Amino acid sequence: MRVASPHLYGLSSAHLVEYCGFLLETETAVAFEKMRIAAAKDGITLEICSAFRDFERQQHIWNAKASGKRVLLDSDSKPVDINEKTPEQIIALILLWSALPGTSRHHWGTDIDVFDSNAISKDKLQLVPQEYASNGPCHQLYIWLVQNAQQFGFYFPFQQGLSGVSPEPWHLSYLPVSTGFLNSFDTQTLRKILQDSSVLYKESLFNNLEGLAQEYVFRVAPAPL
Ligand SMILES: [Zn+2]
């Protein structure tokens, strides 16, 4: 299957460059490096912990959760027995914590998860909101980003009440490039890609793909002025 703009759906990494062991979109890498240096001057050790994830990787995570091979958590992070759930309920639970394959902003290379590597080691980091809230190891970093990220082109797309995806105070997006990617994202193309994939619960997804895309792709926090 030929797909227009395959990089929008995690099917190509040709638009990315390597930066400190991660794949990033070119302009994003340049802007991030400037921001990292500025943060370091203020005593903050800004580091990336997660960047690009391709469609295959997202599909692997999705299918592991959808089949019960990987534990499924509810909104309070409590394990759920999937045998008691309908496909629609399982889909909603997976989408609390994981992206539908093809819809992760991470594969754009413009979106990254960051942490303060001086305050907590990567192997201890769980990427939970408490780590970025007051008294959390990454709180100072978070405050610094709220005050400074915008001047480097970055912002938080996943915020309480403003995005379909749960709040992620560690997830930054490079707006000058990601805005164009979001505007070019096409739900019908996503449908074709999913049709040809091995993603579980495809049929249930197709019953409401427009609604899911609206909620989990297009509903993000508005760009700061
Ligand atoms: Zn993220």
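Counting convention: from 1, in listed order, for ligands and their atoms alike. Worth saying up front: this structure is predicted, and the values here are computed from it rather than measured.
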His106: ring-ring contact (aromatic ring centres under 6.0 Å, His included) partners, not counting sequence neighbours: His171
What protein N, O or S atoms come within a distance below 2.8 Å of the Zn ion (ligand 1), ordered by chain and number? His106 NE2, Asp113 OD1, His171 ND1
Quick one: side chain to side chain contact (heavy atoms under 4.5 Å, CB included) partners of Asp74, sequence neighbours excluded? Asp76, Lys78, Val80, Leu93
Do Leu175 and Pro224 come within less than 4.5 Å of each other through their side chains, counting heavy atoms only? yes
Taking only residues two or more places apart in sequence or in another chain, which ones pass ring-ring contact (aromatic ring centres under 6.0 Å, His included) with Phe152? none
Modelled atom types, side-chain donor and acceptor of Thr110 and Thr28, under 3.5 Å: no
Could you check whether the rings of His15 and Phe181 sit parallel, tilted or perpendicular, using 30° and 60° as the cut-offs? perpendicular
